[in-house]
Amino acid sequence: MSTQSTRGIDDAGAPDHPSRSDGFVRGLSGAIGGPLGDHAVALDRPTGRESRFWTAARIVLALTCLTLALHWVQKSPCHDGAWQNNTQYTRFCYTDVLALYYNERLNEGAVPYRDHPVEYPVLTGYFMGALGLPVHAVGQNDPGINQGEWFYHLNALVLGALAVATVAVILALRRRRPWDAALFALAPALMLTATVNWDLLAIGLAAFGLFAWARSRPLAAGVLLGLAGAAKMWPLFILGPILVLGLRAGRLRAALTAFAAALVALVAVNLPVAIPYRENWDRFFELNSTRAIDWGTLWYIGRYLDGKVGGGTGPFEWLNVNIPTLNTLSYVLFGLACLGVGVLGLLAPRRPRLAQLAFLVVAAFLIFSKVWSQQFVLWLLPLVVLARPKWGAFLAWQLAEVCYFVAFYGELLGTSTGKPVFPEGVFVLASTLRLATVVLLCVLVVREILRPESDAVRRTYADDPDGGPLDGAPDAPWLDRWRRRRETPAELAPVSA
């Protein structure tokens, strides 16, 4: 049976219900009467044939809108931009969107990169200008409006739409597992950080890129991932797993097509700025190369331990001063992690799913990076939903992220006022819990790669619903030959009577 027909049968089947299939949810469901019963006929009908208006997909989309509305309310004390007495910290509502409207001189009509250097990749700068310059133009004619507030609300609408679109993509990729998308829709991290920065722009584009790949359109997938990488760099890391899995499946042509298309899209978006405004364009790279150890990272935890053990001296403190060495070490560790993920992708008992390897690569980048901003949690959200849609470890990770969020704002307030809100050890503990839960998710994903029978998605789908041209493909002949060469003579010899 062809891959396409297999996917069609899978998508038309009865949807998965976490109260039956997920051990954590099944245990919690006891408080409301136990797992979904067989009498729930409407919810058990094949996807697309439900008789009620409130299908699982529509419920999840509505929950996403509710979460985003709560986020808007949570940020409301900062909407007017009149941040006095550290309101942005005491009310947990700081957002770069408002702050950078003024810092990047959008309120003066400055065109990003042409008139002012921007600290983000170019597509994010384009996005800021596309929304900010019209607001400035309207504000010039009507001085009574609050330009910063208008700019924030406009960004919140567009970024919120991208978040809803991301959930729609997850639902399209998991038509038999629609409740998986509820992990994204109900994530506390989404409610707390959705518009802290413009990360949802890259997330939305990357989600569409994954969808195009899943529908066997490698050219479109590459273009979309390249555009996502022009907004934030991390979506480009997804191309590595695509190449590894394409090599394993003997479908390298499709993988190389996606890679080449991403490169062309990335260059095409950057050149109009990089050539005429090279110095302003280079601001993003300059900041990242000269930045010291940032809050909440693995390296920051090490610096704290240096202070406790070595009295302020030690290897991590030395790295904070010798930034080129810190950069090199961070890149080397990330490169080694990528190498390990590549080997795992090639030699695992069964070809891993794309989302599994993509999650591991992006998580490794965050683990070893010297910068781990509060909103970077959003990068992992769609990937972990696609890679490991199980509620237990996911909620533990989200709890750790909420703890970090609170501790982080305490640290910001203490730095601003000069009076510590928490002992430094509290913030370091929160940072350690966040790091540990991400590492735990990585370990669990690796375990499911090595034991594919424990993979929840593979219990629902025959192979990889995100695999596109790789879905259902056998391993390449070269891998079979390599396996045969590794067999020992004892394994090949006939058993004696």
Side-chain angles (χ1 to χ4, degrees), residues 1-29 35-38 40-50 55-61 166-186 207 210-211 213-216 245 249 348-359 381-395 441 444-474:
M1 183 178 292
S2 68
T3 301
Q4 184 176 2
S5 62
T6 301
R7 185 183 294 117
I9 290 174
D10 285 341
D11 286 349
D16 170 83
H17 296 296
S19 64
R20 295 173 179 168
S21 62
D22 188 294
F24 181 83
V25 178
R26 187 169 59 248
L28 289 181
S29 69
L36 186 71
D38 293 335
V41 179
L43 291 177
D44 267 334
R45 290 183 177 177
T47 303
R49 301 180 188 174
E50 302 93 335
T55 62
R58 288 169 180 163
I59 291 172
V60 170
L61 289 171
T166 300
V167 173
V169 168
I170 295 172
L171 288 167
L173 293 174
R174 296 291 185 273
R175 294 191 64 193
R176 288 198 64 189
R177 300 183 57 88
W179 295 109
D180 289 355
L183 290 162
F184 187 102
L186 295 173
L210 288 172
F211 180 77
W213 177 262
R215 292 301 179 260
S216 299
L245 297 176
R350 184 176 177 182
R351 189 181 68 252
R353 294 186 292 106
L354 173 59
Q356 291 174 317
L357 295 191
F359 169 78
L381 268 182
L383 295 178
V384 76
V385 170
L386 296 173
R388 191 177 187 275
K390 296 182 179 179
W391 285 84
F394 177 86
L395 291 177
L441 287 171
L444 293 173
V445 169
V446 170
R447 186 178 70 173
E448 292 184 356
I449 290 174
L450 297 176
R451 298 168 53 191
E453 67 277 2
S454 63
D455 181 358
V457 176
R458 282 213 160 104
R459 288 201 296 266
T460 307
Y461 291 91
D463 188 24
D464 182 5
D466 313 322
L470 313 178
D471 187 22

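- Nearest heavy-atom pair, Gly468 versus Ser216, reported as atom, atom and distance to 0.1 Å: C-OG, 3.3 Å.
- The two atoms that bring Ala473 and Ala249 nearest to each other are CB-CB, 4.2 Å, heavy atoms only.
- Atoms CG and CG, on Leu245 and Asp464 in that order, are 7.5 Å from each other to the nearest 0.5 Å.
- Trp391 approaches Trp179 most closely through the heavy-atom pair CZ2-O, 4.2 Å.
- The pair Asp471-Arg215 fails the salt-bridge criterion, with no side-chain N (NZ, NE, NH1 or NH2) lying under 4.0 Å from an Asp/Glu carboxylate O.
- Side-chain contact between Arg458 and Glu448: absent, with no pair of heavy atoms (C-beta onward) separated by less than 4.5 Å.
- One distance of note links CZ of Arg351 with CG of Leu470; it measures 5.5 Å at 0.5 Å rounding.
- In this structure, OG1 in Thr166 is found 12.5 Å from CZ in Phe211, a value given to the nearest 0.5 Å.
- Atom CZ of Arg174 is separated from atom OH of Tyr461 by 6.5 Å, given to the nearest 0.5 angstrom.
- Residue Leu183 forms a side chain to side chain contact (heavy atoms under 4.5 Å, CB included) with just one option from Val385, Val60, Val167, and that option is Val385.
- In this structure, Arg353 and Ala387 approach most closely via the heavy-atom pair NH2-O, 2.6 Å.
- Atom CD1 of residue Ile449 and atom CZ of residue Arg350 lie 12.5 Å apart, to the nearest 0.5 angstrom.
- Leu441 approaches Ala393 most closely through the heavy-atom pair CD2-CB, 3.8 Å.
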Go through it in stages, so that I can follow the logic: the residues are Leu386 and Leu354, the test is side-chain contact (heavy atoms from CB on, under 4.5 Å), and I'd like the CA-CA distance, side-chain angles, deciding distance and then a yes or no. CA-CA 9 Å; Leu386 296 173; Leu354 173 59; over 6 Å; no

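- Side-chain contact between Asp455 and Gln356 is present, with heavy atoms from C-beta onward closer than 4.5 Å.
- To the nearest 0.5 Å, the span separating OG1 on Thr55 from CG on Leu171 amounts to 9.0 Å.
- Closest non-hydrogen pair, Ser454 versus Lys390, comes out as O-NZ, 3.0 Å.
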